[in-house]
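Structure, as structure tokens:
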Amino acid sequence: MPTPPPQKPQTPPHPAKPAPLPTTPLDGTDLAILGALVDDGRMTNAALAARVGVAESTCAYRVRALRQAGVIESINARLNLAALGHPINAIIKVRLGSHTGDLVRALYDNLVDVPGALTVLHMAGDDDFLLHVAVESPEKLRDLILEHVTVHPVVRQTETQLVFEVRDGRGVLPRRR
């Protein structure tokens, strides 16, 4: 009897609950470490310690504690989407016809898996979801909407807005002096 093919591991349908907030407030050293990592997440521990002005062992301990507390969730690479052949950015506003919990969660799970999806926001207000996507061409944008968004019966309406430019905001950390 042939062996059945291995099954893909099941991923949870919803993200894990966030880690508990730190029990002690963040001090100036923690904030300096966070600011430096936001500026350059590839920085070595030695360079980070020198920049912040603490011993390398202290720096490593602080970074580990910030990760364990859930303050640092991840450190990511920023991609040049145009260089990857996806020069068109758009925001797709999605309005639902029904707000049943299971249907909303299922749609959310599907939207985060749309090819080209950069960010998916579940919103309150007139629009239920905002989907930020990057695509190769206007035709690919149309196809993405028709094949991955409006096919869901719970979707009542979409509106698409082209993005001319994206800049990072200041963020939540205090300004460094």
Side-chain angles (χ1 to χ4, degrees), residues 7-94 101-102 104-125 127-135 144 148-149 161 163-177:
Q7 292 186 351
K8 275 178 51 176
Q10 291 289 333
T11 57
H14 310 293
K17 290 186 179 182
L21 294 175
T23 54
T24 58
L26 301 178
D27 64 14
T29 300
D30 291 327
L31 294 173
I33 288 170
L34 294 172
L37 289 174
V38 166
D39 289 344
D40 181 3
R42 300 171 299 164
M43 188 179 299
T44 65
N45 184 63
L48 180 59
R51 181 164 167 185
V52 173
V54 296
E56 289 182 35
S57 60
T58 300
C59 187
Y61 171 80
R62 294 280 191 121
V63 169
R64 186 171 38 259
L66 290 165
R67 286 178 194 236
Q68 290 172 346
V71 175
I72 298 175
E73 291 183 334
S74 68
I75 296 176
N76 302 302
R78 180 182 312 256
L79 304 177
N80 180 331
L81 300 171
L84 292 170
H86 293 76
I88 296 177
N89 271 244
I91 302 293
I92 304 166
K93 297 175 168 184
V94 180
D102 289 341
V104 171
R105 283 187 289 278
L107 177 63
Y108 201 179
D109 291 341
N110 285 315
L111 291 177
V112 298
D113 202 36
V114 168
L118 302 175
T119 304
V120 180
L121 304 168
H122 186 196
M123 309 292 293
D127 301 308
D128 297 294
F129 289 96
L130 295 180
L131 176 60
H132 180 193
V133 299
V135 294
L144 180 147
H148 296 284
V149 181
Q161 299 175 329
V163 175
F164 293 133
E165 183 179 0
V166 177
R167 294 184 185 180
D168 288 334
R170 182 172 158 253
V172 299
L173 295 176
R175 289 186 192 259
R176 290 179 293 284
R177 294 180 174 91

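Bear in mind the structure is a predicted one, so any value in this text is a computation, not a measurement. Every heavy atom of this structure was used, including side-chain atoms; hydrogens, water molecules and symmetry mates were not.
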Could you list the donor-acceptor pairs under 3.5 angstrom formed between side-chain atoms of residues 45-56 and any protein atom two or more places apart in sequence or on another chain?
{"residue": "N45", "atom": "OD1", "partner": "A60", "partner atom": "N", "Å": "3.3"}
{"residue": "N45", "atom": "ND2", "partner": "E56", "partner atom": "O", "Å": "3.0"}
{"residue": "R51", "atom": "NH2", "partner": "D39", "partner atom": "OD2", "Å": "2.7"}

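- Using a 4.5 Å cut-off on side-chain heavy atoms (C-beta onward), L37 and L66 make no contact.
- L131 places a side-chain heavy atom less than 4.5 Å from the side chain of V120.
- The number of heavy-atom neighbours closer than 6.0 Å to CZ of R167, taken from other residues, nucleotides and ligands shown, is 12 or below.
- Here the side chains of T58 and T29 are not in contact, with every heavy-atom distance at 4.5 Å or above.
- For R42, the salt bridge (charged side-chain N to carboxylate O under 4.0 Å, His left out) partners at least two apart in sequence or on another chain are D40.
- In this structure, F129 CZ and L111 CG are separated by 6.0 Å, a value rounded to the nearest 0.5 Å.
- Rounded to the nearest 0.5 angstrom, H122 NE2 and D128 CG are separated by 6.0 Å.
- Residues R67 and I75 form a side-chain contact, since some pair of their non-hydrogen atoms from C-beta on lies under 4.5 Å apart.
- Residues satisfying the side-chain hydrogen bond (donor to acceptor under 3.5 Å, both in side chains) test with H132, not counting sequence neighbours, are N89.
- With sequence neighbours left out, D127 forms a salt bridge (charged side-chain N to carboxylate O under 4.0 Å, His left out) with K93, R95.
- Taking CG of L107 as the start and CZ of R105 as the end, the distance is 12.0 Å to the nearest 0.5 Å.
- In this structure, the side chains of L34 and V71 come closer than 4.5 Å at one or more pairs of heavy atoms.
- A search for side-chain hydrogen bond (donor to acceptor under 3.5 Å, both in side chains) contacts involving R78 returns D168, not counting sequence neighbours.
- D30 is listed as a side-chain neighbour of R62, based on a closest heavy-atom distance under 4.5 Å.
- Listed by chain and number, the residues in a side-chain hydrogen bond (donor to acceptor under 3.5 Å, both in side chains) with S74 are N76 (sequence neighbours excluded).
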